[in-house]
Amino acid sequence: MSGWTVDRIPDQHGRIVVVTGANSGLGLVTATELARRGAHVVLAVRNLAAGEEAARRIPGDTEVRELDLASLASVRAFAAKLTADHPSIAVLVNNAGLVHLGPRRTTADGFELHLGTNMLGPYALTGLLLEALTAGGGGRVVSLSSITHKNAHLDFDDLMSERGYRAAPAYGRSKLATTLFGLELDRRLRGAGLPVVSALAHPGLTRTNLTPRAWEHRGRVGRLIAAGGVLATQSVEQGALPQLRAAADPGVRGGQFFGPGRLWETRGPVTEARLGREAADPAVARRLWAVAEELTGVRYP
């Protein structure tokens, strides 16, 4: 089904949808379109003021909650409070992500910042919300990948990129990890007979605020690079379509992966995306899952 648009999103009334990183970019578009069709959307954001401002711009039923995926304590606190108020959740969109092209940094728990924010935090969050996602009898989890995952490789002897750190490859590895997580989650959900679908999406090359932030450490040169990147990207509204389809298309099956269909998946109408070779390897996914269990202390399903 090429040419999928927001007009295909069915009525969402009575559904609780959680969108991480929903105060800007892809997350804001995703939250807006689902709220517009009747969902009660939880904007899970690191900056509450920015989240409240975004909520005021969304024509629908929303609430704002604080979540920092770079802190397992924040993830646990968010999940505990959310499930106390919403014991049944229809959709979790693991949209929030980080691109940091400066020197190596770590999360509050000592994980390399990209891997911790883009994969380990969402892994823990999904596990802590799994009971609520199961409660409604048909929950869905969407993991946000990137075309950069196709050229990445996970070195399990240096998963935190402590040797010879380079930011761009570290980001690609985190998105490979995210992709492996989404696919392994699907396998485990089906194996356990749980009524939750795990789907994936990537936005191609899309105009969001992540690129300018990624280059801000380079000053004027960074601003020029970011400005040039804008010319090569598609609109955020177009870039959000793959994850909106993954979140809302009733026909989505577990393990499906959506992205733009033109120019090597960088732009264009939504279609099924292609996996990189390592992302398609279940053995790598199982190994990563075991590491995530150990690092986060969250075990499921």
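H202 has its side chain within reach of P260: a pair of non-hydrogen atoms, C-beta onward, lies under 4.5 Å apart.
Under a 3.5 Å cut-off, the side chain of N95 and the backbone N or O of L144 do not form any donor-acceptor pair. In terms of modelled atom types and a separation under 3.5 Å, the side chain of S146 and the main chain of H149 share no donor-acceptor contact.
Under a 4.0 Å N-O distance rule, the pair R274/E265 qualifies as a salt bridge. For the pair R37 and E33, the salt-bridge criterion is met [side-chain N within less than 4.0 Å of a carboxylate O]. The residues D155 and R163 are annotated as salt-bridged, a charged nitrogen and a carboxylate oxygen being separated by less than 4.0 angstrom. Of the charged side-chain nitrogens involved, at least one lies within less than 4.0 Å of a carboxylate oxygen, so that R65 and D85 count as a salt-bridged pair.
The shortest heavy-atom contact between A177 and L115 is CB-CD1, 3.7 Å.
Defined by atom type and a distance below 3.5 Å, a donor-acceptor pair is present between the side-chain atoms of N94 and T126.
In this pair, H114 and H100 present their aromatic rings tilted. The plane angle is within the 30 to 60° band. A parallel orientation is assigned to the rings of F181 and W289, their planes being inclined by less than 30° (bins at 30° and 60°).
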With side chain to side chain donor-acceptor pair (under 3.5 Å) as the test, would you mind laying out the steps for R104 and S161 before giving the verdict?
CA-CA 8 Å; R104 183 180 182 275; S161 304; 5.9 Å; no
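Between L92 atom CG and T20 atom OG1 the span is 7.0 Å, to the nearest 0.5 Å.
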